[in-house]
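Reading through the structure tokens given below for one structure.
When a residue number appears, it is its place in the shown sequence, counting from 1.
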Amino acid sequence: MEFIMREKKNEKGGRGVAYCKHCKVEILDETKVCPFCQNRIKEDERKGEDSYPDIRMKRKAYRFVLNIFFFLAIIVCVAMLAINLFYYKGEFWSILPIGIVCYSWFAIRYCIFNNVNVGAKIMLQLILTQVLLVFIDWRVDGYTGWSVNFAFPALILIADGAILILMAANFMNWQSYLLYQIQLLLLSLWPLILYLKHWITKPIPTFIAIFISFVIFLGTMVFGNTKAKDELLRRFHI
């Protein structure tokens, strides 16, 4: 995501103003960070757009859409539970679609409408997806282990690839995604506990995911050099 500092003369002939390309607002103070999305802004000399639009209307629209999704989710869950109880034949099959509906709600609420960093959305989406897959594995197959043996390592590799793409797309500020690389590396280690508990019976995909995550992080530290080290010092207040 690119953010630029646009120069614009105010009515008093004074200083330039900061412009956030993502939020499309001009900030009239001396801040270097957008107060809405918390991302850094850079300097440019192109003319800005309207200053300080009323973001309350935007938030109201988002809240209205979320309320619609929430209302529909409740209706669908209640309807499926009612049908399951009415035609009950010894099994609560409605638990699976209700779980999928709940997953979809959380994905929409926190991963689409929340104004947070894309890296954070990827991490949350990874966790939610894994929980859903384990749930499906348990309800449909009686837990055969495919959700942790194969699905979770695949999700780790997909998240690694997504973070690398974000770093390449936002090359001028790539080091801001370093923390998510560390989180992915730590997250890829927890299946080792499951392996020791004999929940994971096919560890090779897990070991491959851990190795690739470590190689990506190590490569970032080596080739990132000073920027990577400075980011770690800043993040961990060392």
Side-chain angles (χ1 to χ4, degrees), residues 66 69-70 72-114 116-166 177 179-220:
L66 284 173
F69 278 119
F70 185 61
L72 292 176
I74 293 176
I75 294 299
V76 170
C77 290
V78 171
M80 286 188 294
L81 183 60
I83 293 172
N84 192 173
L85 292 175
F86 188 78
Y87 295 100
Y88 183 71
K89 294 182 179 180
E91 183 181 2
F92 281 101
W93 55 263
S94 59
I95 294 178
L96 178 58
I98 288 174
I100 295 175
V101 170
C102 292
Y103 161 79
S104 302
W105 159 250
F106 281 110
I108 292 171
R109 173 64 179 84
Y110 293 102
C111 297
I112 297 178
F113 287 99
N114 262 21
V116 296
N117 190 284
V118 179
K121 292 181 179 181
I122 291 175
M123 294 297 300
L124 181 58
Q125 189 68 27
L126 185 153
I127 295 173
L128 289 176
T129 303
Q130 180 59 32
V131 171
L132 177 64
L133 291 177
V134 171
F135 183 69
I136 293 175
D137 189 4
W138 169 61
R139 286 298 302 171
V140 176
D141 300 324
Y143 189 75
T144 60
W146 60 263
S147 57
V148 292
N149 281 323
F150 304 107
F152 186 70
L155 289 175
I156 290 292
L157 295 178
I158 292 172
D160 280 328
I163 294 297
L164 287 177
I165 292 173
L166 288 173
Y177 298 99
L179 181 62
Y180 300 112
Q181 279 194 7
I182 297 175
Q183 292 174 352
L184 273 175
L185 181 60
L186 295 176
L187 193 59
S188 65
L189 294 176
W190 83 266
L192 291 177
I193 301 176
L194 300 181
Y195 174 65
L196 295 175
K197 295 290 185 180
H198 305 292
W199 288 17
I200 291 181
T201 56
K202 300 185 182 300
I204 293 180
T206 296
F207 292 151
I208 291 175
I210 294 173
F211 177 74
I212 292 178
S213 296
F214 177 75
V215 168
I216 291 174
F217 174 71
L218 182 62
T220 302

Measure the spacing between [atom1] of [X] and [atom2] of [Y] and express it to the nearest 0.5 Å.
X	Y	atom1	atom2	answer
Leu155	Leu128	CG	CG	11.0 Å
Ile158	Gln125	CD1	CD	11.0 Å
Leu126	Tyr180	CG	OH	13.5 Å
Gln183	Ile122	CD	CD1	11.5 Å
Leu184	Leu189	CG	CG	11.0 Å
Leu187	Gln130	CG	CD	8.5 Å

Over 12 non-hydrogen atoms of neighbours within 6.0 angstrom of [atom1] in [X]:
X	atom1	answer
Ile193	CD1	no
Leu196	CG	yes
Phe135	CZ	yes
Trp199	CH2	no
Tyr88	OH	yes

Over all heavy atoms of both residues, which pair between [X] and [Y] is shortest? Give the atoms and the distance, please.
X	Y	value
Met80	Trp93	O-CH2, 3.9 Å
Ser188	Pro191	O-CD, 3.2 Å
Leu185	Ile210	CD1-O, 4.2 Å
Leu133	Trp146	O-CH2, 3.8 Å
Lys202	Asn149	N-OD1, 3.2 Å
Pro153	Val148	CD-O, 3.5 Å

- Message: Do Asp160 and Phe217 have side chains that approach each other closer than 4.5 Å (heavy atoms only, starting at C-beta)?
- Response: no
- Query: What class does the angle between the rings of Trp105 and Phe70 fall in, given that below 30° is parallel, 30 to 60° is tilted and above 60° is perpendicular?
  - Reply: tilted
- Task: Mind running side-chain contact (heavy atoms from CB on, under 4.5 Å) on Leu194 and Thr206 for me, showing each step along the way?
- Result: CA-CA 11 Å; Leu194 300 181; Thr206 296; over 6 Å; no
